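The next block holds one structure in the form of structure tokens; read it before the comments.
Heads up: numbering here begins at 1 and tracks the sequence. Every value quoted in this text rests on a predicted model; they were computed, and no experiment measured them.
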Amino acid sequence: MSTYIQHFSHDHHLRLKFIKLHRSKVSCDLCQLQIFHNDQGYTCSDCDYVMHKACAEMPQYIDHSFHTHHNPLRLDKRSSNNPSLCYYCDNSFEEKENLAYVCDQCSLHMHVTCALIPLPTITSHGNEDADVVHYLCHQNMMALVEQDNCKSQAKCFACQSFWSGLAYSCTFANCKNFLHKSCAEFPGKIQHPFHSQHPLTLQVSKPQACKLCCKRDCRLTFSCHSGCSFNLGIECAFLRTNTVKCQSHDHLLSFVENAFCDIQCDACRKSYTKWNDLLVAKEVNHTQSLLFRCMKCDFNLHFLCGPLPPMIEYDYHIHPLTLVYHFAKMLLMNIIVTYVKKKGIDTSAFIIVKIANTLLIFIA
């Protein structure tokens, strides 16, 4: 940085020097924290204005990946009475933290240290609705490379798994940011049937929950910017998702094969953590990642409590498999249900569905 600067917080030029204290305590006029003897700082020769070197070198405005839909964030003094949490880390501000990056159009506040953490930034040339987006990091284009030994222990910014195959890597020294090629090459906007009323925009964000699979640490998402708080992780945005009709619900249900949440089922009124029946524990454990989920309202069914999809793809058969009713097994179901009722056996939602599911077969 130059020996002399014109800082946005002061009308006069400031000079870089080692601070020699002639009084017991001097505070930085920007952050209000103490400056110690022989610290490097910028001083004004026309008045007593002084600031830490680190404070002077912080940019006044930054474009942040987490907040692209408003103007750049502005460095500002923060009132000690402001209760805002940091948008990046969701932690409060300590009493001594007098500076923050703020948005002039909303109530967003961000710790200075959080705001300056390097993150990939999405950019697009031409029509962002159709073009594959590009990524910048440290203001440089991320390079597509096959291997980077310096990042062997780093994790992909999007999927949080280790390096494998081609990846977009930051070229800045000591920066560990990279994205797998398969995690990065998406359009800037999509129309998705789960949220057809608004387009979804690809964005780098703080950890968000995916609306479909409930994964909570998605950092590259397709999100609605129309005030809907709707987010889809990139893993779910392009899945071929089967929908099924359930007689007990007005909307179609989506079949989720890799769910990350322990929902309370709207049929049995239990979550997986509350299953206590030792007779069904093994089967329950095998299906914990499967559920039926309504994307229009908060309605969920365990796989064992919900309808089966009308058609599935099977790895060991070239054709889709279609769900049909088998007349002989339907007759057997009636016999079993009659027996269960006569013997007074517990007919919980699970047992009823378990019986029903044994009477359905998949045929090619």
Side-chain angles (χ1 to χ4, degrees), residues 54 57-76 84-91 93 97 99-106 108-125 128 132-145 148 150-163 166-189 200-210 215-225 229 231-235 237:
E57 293 175 352
M58 289 188 293
Q60 182 182 10
Y61 294 97
I62 60 170
D63 291 304
H64 202 278
S65 302
F66 286 8
H67 197 65
T68 57
H69 50 290
H70 286 161
N71 291 335
L73 303 182
R74 178 175 55 83
L75 183 65
D76 196 14
S84 298
L85 300 179
C86 173
Y87 183 78
Y88 185 102
C89 67
D90 291 324
N91 291 323
F93 286 80
E97 292 179 299
L99 293 177
Y101 278 99
V102 302
C103 175
D104 292 324
Q105 295 174 261
C106 64
L108 181 145
H109 281 65
M110 201 177 291
H111 290 125
V112 170
T113 51
C114 291
L116 297 179
I117 293 173
L119 298 172
T121 301
I122 295 174
T123 184
S124 179
H125 300 288
E128 67 172 7
V132 171
V133 297
H134 303 285
Y135 296 85
L136 300 176
C137 191
H138 285 96
Q139 305 306 312
N140 296 321
M141 194 75 73
M142 298 179 77
L144 183 62
V145 294
D148 189 335
C150 296
K151 298 173 183 173
S152 59
Q153 298 303 310
K155 292 186 177 181
C156 172
F157 182 84
C159 70
Q160 294 296 293
S161 58
F162 292 111
W163 189 299
L166 286 172
Y168 290 93
S169 178
C170 180
T171 58
F172 194 82
N174 301 320
C175 181
K176 300 298 183 182
N177 282 330
F178 78 89
L179 295 100
H180 293 118
K181 184 173 184 288
S182 58
C183 293
E185 296 188 338
F186 297 106
K189 286 188 179 181
L200 302 180
T201 302
L202 183 67
Q203 68 174 30
V204 173
S205 68
K206 65 178 182 177
Q208 302 276 4
C210 174
K215 185 178 180 182
R216 294 187 178 278
D217 59 350
C218 301
R219 299 202 291 173
L220 189 61
T221 63
F222 281 96
S223 302
C224 179
H225 288 174
S229 298
N231 302 289
L232 278 181
I234 56 171
E235 296 92 342

**Study point:** Heavy-atom side-chain contact between M110 and H67 under 4.5 Å
**Key:** no
Check your understanding: Are more than 12 heavy atoms from other residues, nucleotides or ligands located less than 6.0 Å from atom CG of D90?
Key -> yes
**Study point:** L220 vs V204, side-chain contact (heavy atoms from CB on, under 4.5 Å): CA-CA, chis, key distance, verdict
**Key:** CA-CA 5 Å; L220 189 61; V204 173; 4.0 Å; yes
Point to revise | Distance (rounded to the nearest 0.5 Å) between C183 SG and E235 CD | key: 6.5 Å
Review point. Hey, does D104 have a side-chain heavy atom less than 4.5 Å from the side chain of N71?
Key: no
Review point. Taking atom CH2 of W163 and atom NZ of K151, what is their separation to the nearest 0.5 Å?
Key: 6.0 Å
Study note, to complete from the structure: Taken to the nearest 0.5 Å, the spacing of R74 CZ from I62 CD1 works out to 12.0 Å
Point to revise | For S84 against H109, the heavy-atom pair lying closest together | key: OG-ND1, 3.7 Å
Review point. Where is the tightest heavy-atom contact between L232 and A237, given as atom of each residue plus distance?
Key: CD1-CA, 4.2 Å
**Study point:** Main-chain N/O of K155 paired to K176 side chain as donor or acceptor, under 3.5 Å
**Key:** no
Revision key, fill the gap. So CD1 of I234 and CG of L179: to nearest 0.5 Å the spacing works out to 8.0 Å
**Study point:** Smallest separation among heavy atoms of F93 and L85, with atom names
**Key:** CE1-C, 4.0 Å
Practice item. Grab the two heavy atoms, one from M142 and one from C170, that are nearest each other, plus how far apart they are. Key: CE-N, 3.7 Å
Check your understanding: Can you name the closest pair of heavy atoms from N177 and P118 and give their distance?
Key -> ND2-O, 3.1 Å
Check your understanding: Does a side-chain heavy-atom distance below 4.5 Å link H111 with N91?
Key -> yes
**Study point:** Between CG on residue L116 and CE on residue M58, distance to nearest 0.5 Å
**Key:** 7.5 Å
Point to revise | Audit row: C156, F178, side-chain contact (heavy atoms from CB on, under 4.5 Å) steps and yes/no | key: CA-CA 5 Å; C156 172; F178 78 89; 3.8 Å; yes
Exercise for review: I would like to know whether F66 and L108 meet side-chain contact (heavy atoms from CB on, under 4.5 Å); could you show each step before the answer?
Suggested key: CA-CA 11 Å; F66 286 8; L108 181 145; over 6 Å; no
Review point. Is the closest side-chain heavy-atom distance between Q208 and S223 below 4.5 Å?
Key: no
**Study point:** Any F157 side-chain heavy atom under 4.5 Å of Y135 side chain
**Key:** no
Exercise for review: For residues Q153 and F162, report the shortest heavy-atom separation together with the two atoms involved.
Suggested key: O-CE2, 3.4 Å
Check your understanding: Counting only heavy atoms not in K181, do more than 12 sit closer than 6.0 Å to its NZ atom?
Key -> no
Practice item. Would you give the length of the straight line joining atom NE2 of H64 to atom OH of Y87, rounded to the nearest 0.5 angstrom? Key: 10.0 Å
Practice item. Side-chain contact test, heavy atoms from C-beta onward, threshold under 4.5 Å: evaluate it for L166 versus V145 and give yes or no. Key: no
